[in-house]
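The structure under discussion appears below in the form of structure tokens.
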Amino acid sequence: MAKPVLPVDAPFDLNPIGSWPSSRHVFDQTSADAILMAWAAERPLLVRGEPGTGKSQLARAAAQTLNRAFISEVVHARTEPQDLLWRFDTVGRLGEAQALAARGAQSPAGGIDALDPRHFLSPGPLWWAFDWQSARQCQAGSRYKTAAPVTPEGWTPEAGCVLLIDEIDKADSDVPNSLLETLGNRSFSVPWLAEGTVGQGTATPPLVIITTNEERELPAAFLRRCLVLQYELPDDIVPWLISRGRIHFSPEVCSNDVLEAAARQLAKDRIDARRAGVTPPGQAEYLDLLKALSTLRAIEAEQLDLLKQLSRFAYRKFREDRPRGG
């Protein structure tokens, strides 16, 4: 298998895919090294850091650069371990059973069992990542349709995929703990399949990237089985933000003075956010402000004036107590 090649310090355009809009990305040496190690060791890469630092985009950029299918799943408080493997439409099956009972029928015309569990089974993100062919077969025979991952033009399953499990810290500890064996074996069992196990013999192991905003401590056993990339913003954040801004906005769109003024305001508001005990603004908010300025005004002086009015909407998202009038 050929070693992946990632362009370091060379900004490139990210094409829109699924619900993800177009953007730009640049791999630094650290993130490129982490991805290469995850590929070589066949271990999941856990990307840690505060929100808005580009953790999720790293997976999308890796998928495009390596010409792999991109599969993403955002974890939330109600996510259960099974959701990452498969989904089962219990409500739909119950409704079908009630409809059959009302008609006094045991099966539809043709003798096909209408209550066969496989008709209500749909592959989850790990199923697609580990065994694309059987996931496609499962989806084809199911009435419970979920969207298949978007694939690059000319892609085949042998090219592999990048799986993003986003914001795993939002879920209960049962979710990362449940992934230990699955990620280690790259396979799991599905009760309703005759073959029982999916994922064994996968030709191209997926590159698995997991992100956390560190709102909840992850289990130690889970951390031991991951490689870890820490996204940390530098102490002197202003030059770093300016360099990020220039990747996305040309000098004709946003001058250096505008980039610097927006960065200095963000650095100041980060201090206030920490004092308020909330997550401080970061790269995402900075780019949002620059996009608004460049869209609303074309002249530098007007952008600088408008920055003073708009920065609070992007940066100061915490509640500010003010004395009440009268």
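Phe249 has its side chain out of reach of Val258: every pair of non-hydrogen atoms, C-beta onward, lies at least 4.5 Å apart. In this structure, the side chains of Thr79 and Val74 stay at 4.5 Å or more apart for every pair of heavy atoms. Between Glu215 and Glu167, the closest side-chain pair of non-hydrogen atoms is not below 4.5 Å. Contact check for Trp20 versus Ser56: side-chain heavy atoms found under the 4.5 Å cut-off. With a 4.5 Å cut-off on side-chain heavy atoms, Ser72 and Asp166 do not count as touching. Taking 4.5 Å as the limit, every side-chain heavy atom of Leu45 sits out of range of all side-chain heavy atoms of Leu207. At a threshold of 4.5 Å between non-hydrogen side-chain atoms, the residues Leu85 and Val198 do not count as touching. Residues Pro206 and Arg186 have side chains in contact (heavy-atom distance under 4.5 Å, counting atoms from C-beta outward).
Applying the salt bridge (charged side-chain N to carboxylate O under 4.0 Å, His left out) rule to pairs touching residues 218-237 yields nothing, sequence neighbours excluded. Residues in residues 291-307 take part in these side chain to side chain donor-acceptor pair (under 3.5 Å) pairs, two or more places apart or across chains: Ser255-Glu300. Within the structure, salt bridge (charged side-chain N to carboxylate O under 4.0 Å, His left out) contacts touching residues 50-65 (residues at least two apart or in different chains) are Glu50-Arg270. Within the structure, salt bridge (charged side-chain N to carboxylate O under 4.0 Å, His left out) contacts touching residues 7-16 (residues at least two apart or in different chains) are Asp13-Arg24. Here salt bridge (charged side-chain N to carboxylate O under 4.0 Å, His left out) pairs that include residues 242-262, with residues two or more places apart or in two chains, are Glu260-Arg264. The stretch residues 29-38 participates, sequence neighbours left out, in these side chain to side chain donor-acceptor pair (under 3.5 Å) pairs: Asp28-Ser31, Gln29-Asp33.
Note that CZ of Arg316 is 8.5 Å distant from OG of Ser311, once rounded to the nearest 0.5 Å. The CD atom of Gln283 sits 10.5 Å away from atom CG of Leu266, with the distance rounded to the nearest 0.5 Å. With rounding to the nearest 0.5 angstrom, the CG atom of Leu180 is 8.0 Å from the SG atom of Cys226. Taking CG of Leu46 as the reference point, atom CD1 of Ile209 lies at 10.5 Å (rounded to 0.5 Å). Annotation: the span from Ile210 atom CD1 to Leu164 atom CG amounts to 9.0 Å, rounded to 0.5 Å. The CG atom of Asp269 sits 6.5 Å away from atom CZ of Phe318, with the distance rounded to the nearest 0.5 Å.
Between Val162 and Ala59, the closest heavy-atom pair is CG1-O, 3.6 Å. Pairing each heavy atom of Pro4 with each of Leu66, the nearest pair is CB-CD2, 3.4 Å. Closest approach of Ala69 to Trp155, counting heavy atoms only: N-NE1, 3.3 Å. In this structure, Pro205 and Arg68 approach most closely via the heavy-atom pair O-NH1, 3.3 Å. Closest of all the heavy-atom pairs between Asp83 and Pro125 is O-CD, 3.8 Å. Closest of all the heavy-atom pairs between Leu307 and Gln265 is CD2-CB, 4.5 Å.
Considering Ile71, Leu84, Val190 as possible partners of Trp127, the one that fulfils the side-chain contact (heavy atoms from CB on, under 4.5 Å) test is Val190.
Taking His25 as the reference, Gln57 meet the side chain to side chain donor-acceptor pair (under 3.5 Å) condition, with sequence neighbours excluded. Every salt bridge (charged side-chain N to carboxylate O under 4.0 Å, His left out) that Arg275 has, sequence neighbours left out, goes to Asp272. For Asp169, there are no salt bridge (charged side-chain N to carboxylate O under 4.0 Å, His left out) partners two or more places apart in sequence or in a different chain. Scanning for salt bridge (charged side-chain N to carboxylate O under 4.0 Å, His left out) contacts around Glu214 gives Arg48, with sequence neighbours left out. For Ser243, the side chain to side chain donor-acceptor pair (under 3.5 Å) criterion is met by no residue, not counting sequence neighbours.
The backbone N or O of Thr197 lies less than 3.5 Å from no partner atom in the side chain of Ser189, so there is not a single donor-acceptor pair. Counting only distance, with no hydrogens or angles, the side chain of Thr182 and the backbone of Phe188 share no donor-acceptor pair below 3.5 Å. Checked by atom type and distance alone, the side chain of Thr204 pairs as donor or acceptor with a backbone atom of Glu158 at under 3.5 Å. For Asp172 (side chain) and Asp174 (main-chain N/O), a donor-acceptor pair under 3.5 Å exists by modelled atom type.
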**OP:** Give the C-alpha distance, both sets of side-chain angles, the deciding distance and a yes or no for side-chain contact (heavy atoms from CB on, under 4.5 Å) between Trp132 and Thr151.
**Re:** CA-CA 11 Å; Trp132 188 279; Thr151 59; 3.5 Å; yes
Subject >> CA sep, side-chain torsions, deciding dist, call: Asp288, Leu290, side-chain contact (heavy atoms from CB on, under 4.5 Å) >> reply: CA-CA 6 Å; Asp288 285 344; Leu290 293 179; over 6 Å; no
Original post:
Does the side-chain contact (heavy atoms from CB on, under 4.5 Å) test come out yes or no for Glu80 and Val175, once each step is laid out?
Top reply: CA-CA 6 Å; Glu80 298 182 0; Val175 173; 5.8 Å; no
**OP:** Check the pair Leu58, Leu229 against side-chain contact (heavy atoms from CB on, under 4.5 Å), reporting the backbone distance first and the verdict last.
**Re:** CA-CA 11 Å; Leu58 178 67; Leu229 170 62; 3.8 Å; yes
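Clustering of Ile, Leu, Val, Met, Phe, Trp and Tyr side chains at separations under 4.5 Å leaves Val5 isolated, with no partner residue.
In this model, no donor atom of one side chain and acceptor atom of the other lie less than 3.5 Å apart for Gln139 and Arg136.
Summarising the local packing, CD of Gln82 is surrounded by more than 12 heavy atoms from other residues, nucleotides or ligands at distances under 6.0 Å.
Note: Tyr286 and Tyr315 fail the aromatic proximity criterion, with ring centroids not under 6.0 Å apart. With ring centers used as reference points, Trp86 lies 6.0 Å or more from Trp128. In summary, the aromatic rings of Trp192 and Phe88 are positioned with their centroids under 6.0 Å apart.
By the criterion of side-chain heavy atoms lying less than 4.5 angstrom apart, applied directly or through intervening Ile, Leu, Val, Met, Phe, Trp or Tyr residues, Leu223 is not grouped with Tyr231; the two fall into different hydrophobic clusters. When hydrophobic clusters are built by joining Ile, Leu, Val, Met, Phe, Trp and Tyr residues whose side-chain heavy atoms come closer than 4.5 Å, directly or via intermediates, Val150 is not grouped with Val208.
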